[in-house]
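These numbers were taken from a predicted model, which means no experiment stands behind them. Naming: A, B, ... by sequence-line order, numbering from 1 per chain.
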Protein chains: 2
Amino acid sequence: MGVTIKDIAKETGFSVATVSRVLSNKVGFFSQDTAAVVNAAATKLGYKKNMAATELVTQKSSVIAVIVNSTKTNFSDPIIEGIQQKAAESDKRVIILYAGDHDATSQRRALSTALERPIAGVLLLSVDLFEENLQLLKTAQVPFRFISISFKDSALNYVASDDQQIGYLATKYLIKMGHRCIGLAGIDIESSAHTGKMRLAGYKRALAENNIPLQKNWIQTGNYSYEAGLLAMQNYSNQKCISAVITGSDLVGIGLLNQAAKLHLSIPDDLSLITIDGTYLCRIVQPQLTSVTQDFYHMGYLGAEYLISDQQQNAFTDVKISERESVKKLTL
Amino acid sequence: MGVTIKDIAKETGFSVATVSRVLSNKVGFFSQDTAAVVNAAATKLGYKKNMAATELVTQKSSVIAVIVNSTKTNFSDPIIEGIQQKAAESDKRVIILYAGDHDATSQRRALSTALERPIAGVLLLSVDLFEENLQLLKTAQVPFRFISISFKDSALNYVASDDQQIGYLATKYLIKMGHRCIGLAGIDIESSAHTGKMRLAGYKRALAENNIPLQKNWIQTGNYSYEAGLLAMQNYSNQKCISAVITGSDLVGIGLLNQAAKLHLSIPDDLSLITIDGTYLCRIVQPQLTSVTQDFYHMGYLGAEYLISDQQQNAFTDVKISERESVKKLTL
DNA sequence: AAAACTATTGTAAACGTTTACTGTAAGTGA
DNA sequence: TCACTTACAGTAAACGTTTACAATAGTTTT
């Protein structure tokens, strides 16, 4: 379709080799005069390099494929920004593929789209790969890393937050603020990703360290969604004991918040709330949500870095408590 | 790097031509027996087609590049879902490129990433292209469409909402609810995209039709952001006249809502609010925001459809009022 | 039984690049 | 002057596919 180096060669009288050399800037292989002529012709004709051809012959690519699941993960934006930043620094390109909402077929389609062309590597943003698709990815001779999701199986490299620590920190913070009856809501402890299980473990550890016996119905599992928050609050409403809850995501937290309002419970006066994630959503609701904040940007940056420089290690990014308005200090 | 059809040819004893034919399913050009053998070998060796090579020789591609600007456009998700849906139906692939936040360089990088390889077309999601980048796009011989942004220049094809009508509808609705002093906040009327200007025009028309003289400071421009909402509310606070405002995006609306709370104004009792967009954000704040709701999903679907079937027309998708809790009916 | 067709396969060129190998002319050092 | 570099440019093969064309064997038609 478009203009090729052949056209430029014809136009300028040079061979395609020479044209290719100036256009891909192989310094030392052409004179300045030649370069000027060739470049002029290139812009005049509106030349655009065909990367497919380049990648075919060089057998390498500078594009990183990022797979995200479209389930409303409102934190994928900062992760992607981190990736973009690192990619730009390393002169890589980034393409993003949507893998649907935990749907094997569209997950597979996204993966294929990525793998069926030369790419430098793939980054998976909190996508919990189906076994078959993981196989697909493994057999492709392409480096890959998971971001914002970790595994027991340490054969899989990831950059994520330490979910055990998240659960632990949130719980300890609440205890420090005087709470003893602490709920944990909206986390998924069935999934093959062990995010939920780890958070639960951290929560239990903090409770145990403070000699607080865990009551079974303090834990309300869910899929990190807004609706899970609504439901969890509903279930908590008939247990007067609970004075604070930890929510598995900002959306869960907001769900809880809104359902609490419907039940005429005021936050933080009647119930304290700390949420996990700390995205911008925490700041646009009232009251603003105190959170265990993850460093998503850095997660993306680091994930890209490890992928690009082929470091095999896993990493945890920092996590911190951001105090806002949803936790009340209890005094005895 | 990977397994090629040559390897399969060697493995099975057939020529590469035959292998290619069965693998790309050119029915009628091979026997079932052959197909079985070849396919078996392909899966055994873990063959993965190199699309770059295919696209090179066939001179066509099945991938649609979607360019989005990363500025927190919380409505891009449903648009992308619509695109994905149509693409899946038409057996196309979708890749997404982030064009930064109104930054010419990263916009250019995204565009180049797309154009430097064979693609079927490009879809631009509410990205206001810099002139130079528009030229770049035009000279590439690739079909493109804009989504969720419209232009005076009708040479540029788009699928969007009718912003004139949006402004008109919102205003008329408020008037019907008894309001006479109506603000318009957070819209950008400087941009080359005429979204803001059109909304303003619709607003003015509705006002004029109802013989309401427009006061200059009813209009608070901005860049559709949360902060713009905060600021607008601040500016409204010393004009007691205003009883309702139209906000240029859900985030602007939420900004207004929160700033109003800070000023001890209750919505909708002290001030009514209707926002433009109607994304999920309207439903997770308190009170839930009444909105002029755009059909983003359909916008994406239609944009993809027009691109794929090469229809040159522009289109407006439907827009409707979603009554929620932020508008109060005034009775005289 | 010759002619004509059908089904299946192979040969080789093409897509747009890059790059190892050559070639050539001018410059350098003795 | 001659051997040796150096700077620049051209030739051709290669990357992994697809596909027009040709070839073969078998089958059908007459």
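A salt bridge does not link A:Glu55 to A:Arg117: none of the charged side-chain nitrogens sits closer than 4.0 Å to a carboxylate oxygen.
Here C:dT19 presents its P atom at 10 Å from CZ of A:Phe29, a figure rounded to the nearest Å. Atom CD in B:Glu55 sits roughly 17 Å away from atom P in C:dC15 (whole-Å rounding). In this structure, A:Met51 atom CE and C:dT18 atom C1' are separated by 13 Å, rounded to whole Å. Rounded to a whole Å, the CD1 atom of B:Ile119 is 16 Å from the P atom of C:dG16. What separates CG of A:Leu56 from P of C:dA14 is a distance of 17 Å, to the nearest Å. We find that CG of A:Asn50 is positioned 14 Å from C1' of C:dA14, with the value rounded to whole Å.
Using five terminal pairs a side, the axes of the helix from C:dA1-D:dT30 to C:dA30-D:dT1 at its two ends make an angle of 40°, given in steps of 10 degrees.
Among the candidates B:Asn157, B:Asp163, B:Leu156, the single residue satisfying the side chain to side chain contact (heavy atoms under 4.5 Å, CB included) test with B:Ser150 is B:Asp163.
For D:dT17, the OP1/OP2 oxygens have no side-chain nitrogen or oxygen of B:Lys6 closer than 4.0 Å. The phosphate of D:dA14 has neither OP1 nor OP2 within less than 4.0 Å of any side-chain N or O from A:Gln59. Of the side-chain N and O atoms in A:Lys49, one or more sit less than 4.0 angstrom from OP1 or OP2 of C:dT18. Close to D:dT18, at under 4.0 Å from its OP1 or OP2, lies no side-chain N or O of B:Lys26. Look at A:Lys60 and you won't find any side-chain N or O under 4.0 angstrom from OP1 or OP2 of C:dT18.
Under the 30°/60° scheme for interplanar angles, the aromatic rings of A:Phe75 and A:Phe296 are found to lie parallel. Taking the six-membered ring where tryptophan is involved, the planes of A:Phe146 and A:Phe144 are perpendicular, since the angle between them exceeds 60° and thus also 30°.
A donor-acceptor contact shorter than 3.5 Å is absent between the side chain of A:Arg108 and the backbone of A:Ala99. Remark: the backbone N or O of A:Pro118 is paired with a side-chain donor or acceptor of A:Ser61 at under 3.5 angstrom.
Looking at every heavy atom in both residues, B:Val159 comes nearest to B:Gly303 through CG2-CA, 3.8 Å. Between A:Arg93 and B:Arg109, the shortest heavy-atom distance links the atoms NH1-O, 3.9 Å.
Within 6.0 Å of atom CZ in B:Phe29, 12 or fewer heavy atoms from other residues, nucleotides or ligands are found, so the atom counts as exposed in its surroundings.
Residues from residues 7-22 of chain A lying near DNA chain C, meaning a heavy-atom separation below 4.0 Å, are A:Ala17, A:Ser20, A:Arg21 in numerical order. In the region residues 30-48 of chain B, proximity to DNA chain C at under 4.0 angstrom, judged on heavy atoms, holds for B:Phe30, B:Ser31, B:Thr34.
Side-chain contact check for B:Asp77 and B:Tyr297: no donor-acceptor pair (N or O, by modelled atom type) lies under 3.5 Å.
Where B:Gly28 and B:Thr58 each meet DNA chain C at their nearest nucleotide, the meeting point lying more 5' is that of B:Gly28.
Note that CD1 of B:Ile147 is 8.5 Å distant from CG of B:Leu124, once rounded to the nearest 0.5 Å. Taking NZ of B:Lys26 as the start and OG1 of B:Thr18 as the end, the distance is 13.0 Å to the nearest 0.5 Å.
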